[in-house]
Amino acid sequence: MPAKTITVNLKVWRQPAKDQPGRMVDYVAKDISTDMSFLEMLDVVNEDLIRKGEDAIAFDSDCREGICGACGCVINGIPHGPDAGATTCQLHMRRFTDGQTITVEPWRAKSFPVLKDLTVDRSAFDRIIASGGYISAGIGGAQDANSILIPRSIAEEAMDSAACIGCGACVAACKNAAAHLFTGAKITHLALLPQGAPERALRVVRMVGQMEAEGFGACSNEGECEAVCPKLIPISNIAKLVREYTRAWWRGTT
Amino acid sequence: MSSITTKLIIGATGVLLFAYLILHVIGNALIFFGPDLFNSYAHMLLSNPLVVPIEIGLVVVFLIHLVKAITMTFQNQAARPAKYAKKVAAGGTSQKSLASSTMILSGLALLIFIPIHVKMFKYGPEYPYGASDVRDLYRLEVENFTSPLVVGLYAMVMVVVGMHLWHGVASSFQSLGISGPRFTPLIRKVGKVSAIGIAGGFIVIAVWVFLFGARS
Amino acid sequence: MTLDGKIPGGPISEKWERRKFENKLVNPANRRKYEIIIVGTGLAGSSAAAALGEQGYRVKLFCILDSPRRAHSISAQGGINAAKNYRNDGDSIYRLFYDTVKGGDYRAREANVYRLAQLSVDIIDQCVATGVPFAREYGGLLDNRSFGGAQLSRTFYARGQTGQQLLLGAYQSMLRQVDAGNVTLFPRREMLDLVVVDGQARGIVTRNLITGDLERHEGQAVLLCTGGYGPVYYLSTNAINSNVTAAWRAHKRGALFANPCFTQIHPTCIPVSGDHQSKLTLMSESLRNDGRVWVPRKKEDTRPPEQIPEEERDYYLERRYPSFGNLVPRDVASRAAKERADEGFGVGETGLSVYLDFKEAIDRLGVETIRARYDNLFEMYKHITAEDPYKVPMRIYPAIHYTMGGLWVDYNLQSTIPGLFVLGEANFSDHGANRLGASALMQGLADGYFIASYTVANYLAGASLSKVSTDHGAFKEAAATAQARIDQVLRVKGTRTVRQFHRDLGHIMWDYVGMARTESGLNAAIQKIRALRDDFWKDVAVSGEQSNLNPMLDYAGRVADYMEFAELLALDALHRNESCGGHFREEYQTPDGEARRDDDHYSYVGAWEFTGVGTQPVLHKEALEFQEVRPSQRSYK
Ligand SMILES: Cc1cc2nc3c(=O)[nH]c(=O)nc-3n(C[C@H](O)[C@H](O)[C@H](O)COP(=O)(O)OP(=O)(O)OC[C@H]3O[C@@H](n4cnc5c(N)ncnc54)[C@H](O)[C@@H]3O)c2cc1C
Ligand code: FES
């Protein structure tokens, strides 16, 4: 598809720092090649701002190929924008039309405070994983890898859940800013594998406890999270989370 | 209590209320067979010694469902203090709908409706049916549905019930962790079909009673 | 300065055992007294933190992004090698060792490579134990695929997301130590200087990227796990925040920088489409298992690929290298693509790409098999190019991908500054002049999980470490140096953005110090780099302030360091009058265009000592001795 050049009108959330008021600010992005990625378009806008001596729009990105989970903003009302199964950095300007208005906002959740503009603090996710999202395998003592047989279907299912990139779009999309899909994906990944079995009960109790302590909301089963997940992780992971949680309760794990 | 436990409770009570509604609409549908059958069915229910404990249970289930949902809504709102300037449904596989976005509102609407409903029927005038001690609920039903206004309002409320079920049925099972590659698509269909069935059933019954009830 | 690799004695297969035994140990009860600083949370950093934390040391772990999980390692796609020989196809530790030394064009230290091959086996076990969902066969055993430079299947993989899964495994093990109170996380911190006290590495100065504050951190050892310097070329497959800053500033404090000119160009990347581009996306090498590389036989043939009949296609890799075919090592495949494009056979709008075609594989294996193997890569390609590789061949072209050069380290992974250890891509060690696919992940985890905990303990047990606080003069001086540099950047208030400078630097590097280098080109590059650096300090535009989140300011600091480092890279390339691995000097090639090594004069590690910006650095040589693998002309024919 040959590239075209378009102009788009941006409404971008600008907030100077944490706990300070912010507002939507209008920018015009001119001469945007439709081959550009969304973030490259923001780069162009920033170049202009810098040349004018203005503060550039702060946003996170690293891999720019949809795997690190650093990027992410709510674009025209949808986390990561209109493309299903893609991150903000994978969104390309060919998805927009000349003259279109695009709103760009940060993830919004109590547990993801805005640090500046489109940059938010997602360290709550790290704390959820740290509270049990691991297998306690000491380094050095592992048995031969092939001594644990794992049926291909189970390995694939675990991989489906392990594919989570921790971007936070699920929280951003959820009307309750719930982190169930994120937490459920890790629980599912580890609970499916025989290596993860010994710690199953304690893991889910602790991770859910941490998730709650961080102030995320409850799951209303709308599945917006699944629809915006760049890795298309389904909400069956949340059902699994519930089952694991119930199982742990049944066994009296606290 | 974790939000998962809360949702388990809401889900479990939801499933019970759903089951109750199915029985309710089937029972009501007996009205098509005339006052004899309808009143004797009602009598059978009312004369059962378990009816009081079951009714109390139902009220308790309903209240738990309600209280948990309300408190959870407040917590959910606290989880997102700042709102988006623009937010739209993501589409695709999302189950978001008008129904799912208004669960608390449809639920609260029913909170207002149910006491009125109970007052109108359960605690309405007690007509004897024939000479026996059977209560003539058929007649009560016909009298209650003589006004087009009442029928209209009732039908509107049933649409609200349908909406609540449209999302609520499948959602309850998901909240209980019951899910699977075959089950989930199925329960989503079942939920929607029964939402239409239950709400539609109640409306059809009311309209039928309004139009033809007095003739029997 | 003589460079002592500290290679243990004895037969190659026993060296590591011997070193482990020679090493001093730290009593478990004493370990909590030591504070270890680890910079970087990629495979190397996360695994080292997990290992040292588990041993009971107090670890402070730093990274640039908001979460340690977002290190650049996450984007590795293809897989990780291990000499498991699960396939019974002739693999062994010795063969992996041999392949890696040969693949590196005989510019790596044999002992290191042998240890890497030995540890590869343990890595897979460790990763499976921590729940990495590697691909499996129907019977439940682990699956393998082949990678370039090998004639057998020894690569373990998790779809096209191997790096992600390995990193998450290490990240989770590391967070387990956070949970246990042994590791403390410092995200959104950038290391700006190394603090050296009495000749020992004793701490770092970081910038808190949220508040802008400079912070001082003290420790008894510092581990740099800060990754490679690919973005010195501006466009590369590396993550946007990959940088040379930590390594470069350690270099300025006395750590030697080894073989900076050994950079790797990856043959299968999505081609450049325009000036706006901020990075290039890799299409994993594993695609060459099933994809066939070709160009039209006719020059400047503009027909769409499907209209070009078989007999008018040139499957040039299969033609030139019949025994390895599409699976020749990266440097060979990259140069072959460049050769075709230079001759006018390239395809696409710019002529700077070649086809990677799956039609034959889809016909043979069925589309479902191909989907299972590569779907996420195909999707990624589609997102970027809006073309569907299931239907039309991919277009690919070489791009900068990996840097074999890095801070010089001995067998213990210690740099020339005692107490400063360098792990992962940031060091120079195991890949010589060219890295084979699927071996960087292996090296990162070997360094972090299995080597550092032994050698750092040995250092701590043997070193005499005075008490040092962050009020020490050396800390103050380092913080002041870092501050001065920030002030300098903010003071310029020029007209050209950091990105413009970076892009210009990238053009110089790609044109003159890229896939084919010449003496005159390198001399020109050095002049151009110097001129650009001068311009930078006169005309760079950075808005915003220090005391706030300011990604542009961070970026400016990194580009400033690249401007200095680029010169060293070019100098190293200029001094090495031979072609080997990723370093191709046009003057030194065989009549049929293959790299011509000069083992008589250049069989050494070139480690540079910093003497000042713009002044000639001092070269130190560590001679390479090959006792096991006799260097020969590499042949993949
Ligand atoms: C697209 C792609 C695909 C690849 N595929 C494969 C593959 O299939 N197989 C394979 O073996 N290898 C592959 N590689 C190579 C491999 O991924 C890397 O070499 C390896 O992951 C490097 O790991 P590392 O731990 O050394 O560093 P990195 O993962 O780069 O981590 C560097 C860390 O240091 C931090 N850091 C850097 N500078 C500073 C600073 N100044 N202050 C504080 N923190 C800092 C960063 O935040 C980050 O946490 C691939 C590379 C790329 C680019
Ligand atoms: S920048 Fe890594 S996912 Fe977008």
Side-chain angles (χ1 to χ4, degrees), chain A residues 11 13 22-24 74-80 82 84-85 103 105-106 108-111 114 169 171-180 204-205 208-209 211-212 215-228 232 234-247 249, chain B residues 1-12 14 68-69 71-97 99-104 167-185 187-188 191:
Chain A
K11 290 185 180 303
W13 180 260
R23 63 194 179 94
M24 301 297 284
V74 176
I75 299 165
N76 273 344
I78 302 180
H80 288 313
T103 60
E105 293 177 77
R108 292 196 184 280
K110 180 172 156 235
S111 320
V114 174
V171 173
C174 175
K175 64 175 179 180
N176 309 331
H180 286 55
V204 69
V205 170
V208 168
M211 178 180 91
E212 303 283 323
F216 293 102
C219 174
S220 289
N221 307 325
E222 285 192 318
E224 284 281 289
C225 51
E226 164 182 321
V228 301
L232 304 172
I235 57 171
S236 55
N237 285 268
I238 300 179
K240 175 80 175 164
L241 171 68
V242 174
R243 290 199 296 280
E244 289 293 309
Y245 191 74
T246 318
R247 179 181 173 275
W249 175 81
Chain B
M1 186 185 292
S2 80
S3 71
I4 293 183
T5 313
T6 305
K7 285 295 292 189
L8 276 165
I9 294 171
I10 296 177
K68 282 287 156 202
T71 49
M72 191 190 68
T73 303
F74 283 116
Q75 283 160 6
N76 286 343
Q77 278 170 350
R80 170 157 306 123
K83 304 284 175 250
Y84 289 104
K86 177 170 180 183
K87 184 80 195 317
V88 301
T93 60
S94 172
Q95 300 296 306
K96 192 181 183 73
S97 58
S100 76
S101 323
T102 52
M103 289 301 277
I104 189 69
H167 176 73
V169 175
S171 177
S172 294
F173 285 93
Q174 170 79 13
S175 291
L176 291 171
I178 304 171
S179 139
R182 295 231 166 84
F183 178 80
T184 303
I187 193 68
R188 282 179 185 164

Check for a donor-acceptor pair, side chain of [X] on one end and backbone N or O of [Y] on the other, with a separation under 3.5 Å.
X: Asn76(B); Y: Gly217(A); value: no
X: Gln95(B); Y: Asn221(A); value: no
X: Arg108(A); Y: Arg80(B); value: no
X: Ser2(B); Y: Ile4(B); value: yes

Determine, step by step, whether Lys7(B) and Val242(A) satisfy the side-chain contact (heavy atoms from CB on, under 4.5 Å) criterion, reporting the C-alpha distance in whole Å, the side-chain angles of both residues, the deciding distance to 0.1 Å, and the verdict. CA-CA 9 Å; Lys7(B) 285 295 292 189; Val242(A) 174; over 6 Å; no

What residue, out of [options], has the most heavy-atom pairs lying under 4.5 Å from chain B?
options: Val114(A), Val228(A), Thr246(A), Val208(A); answer: Val208(A)
options: Glu105(A), Met24(A), His180(A); answer: Glu105(A)
options: Thr103(A), Ile238(A), Ile235(A), Leu241(A); answer: Ile235(A)
options: Ala178(A), Ser111(A), Gly215(A), Ala173(A); answer: Ala173(A)

Contacting moiety of [X], where chain A heavy atoms sit under 4.5 Å:
X: Thr6(B); answer: neither
X: Thr184(B); answer: neither
X: Leu176(B); answer: backbone
X: Ala170(B); answer: neither

Interchain contact, [X] with chain B, by part (heavy-atom threshold 4.5 Å):
X: Ser236(A); value: both
X: Pro79(A); value: side chain
X: Glu226(A); value: both
X: Ala84(A); value: neither
X: Leu232(A); value: neither
X: Ala172(A); value: both
X: Cys225(A); value: neither
X: Glu224(A); value: both

We want to know whether Ser3(B) and Glu212(A) form a side-chain donor-acceptor pair, criterion being a heavy-atom distance below 3.5 angstrom.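 There is such a pair between these side chains.
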
Just jot down the salt bridge (Lys or Arg N to Asp or Glu O under 4.0 Å) partners of Lys240(A), sequence neighbours excluded, or say none.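 Salt bridge (Lys or Arg N to Asp or Glu O under 4.0 Å) check on Lys240(A) returns Glu244(A).
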
Chain A interface, residue from Pro181(B), Ser171(B), Gly92(B) that has the most non-hydrogen pairs under 4.5 Å: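 Highest number of heavy-atom pairs under 4.5 Å: Ser171(B).
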
Mind ranking Gly180(B), Ala82(B), Ser97(B) by heavy-atom pairs under 4.5 Å with chain A and telling me who comes out on top?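 So the answer, after comparing Gly180(B), Ala82(B), Ser97(B), is Ala82(B).
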
Looking at CE of Met72(B) and SG of Cys219(A), how far apart are the two atoms once the value is rounded to the nearest 0.5 Å?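 Going from CE on Met72(B) over to SG on Cys219(A), the span is 9.0 Å.
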
Lys11(A), NZ: over 12 other non-hydrogen atoms inside 6.0 angstrom: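 Check fails, neighbour count at 12 or below.
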
Identify the heavy atoms of Ser179(B) and Ala239(A) that sit nearest to each other, and give their distance.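 In terms of heavy atoms, the two residues are closest at CB-CB, 3.3 Å.
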
ring-ring contact (aromatic ring centres under 6.0 Å, His included) partners of Tyr245(A), counting only residues at least two apart: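 Applying ring-ring contact (aromatic ring centres under 6.0 Å, His included) to Tyr245(A) gives none.
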
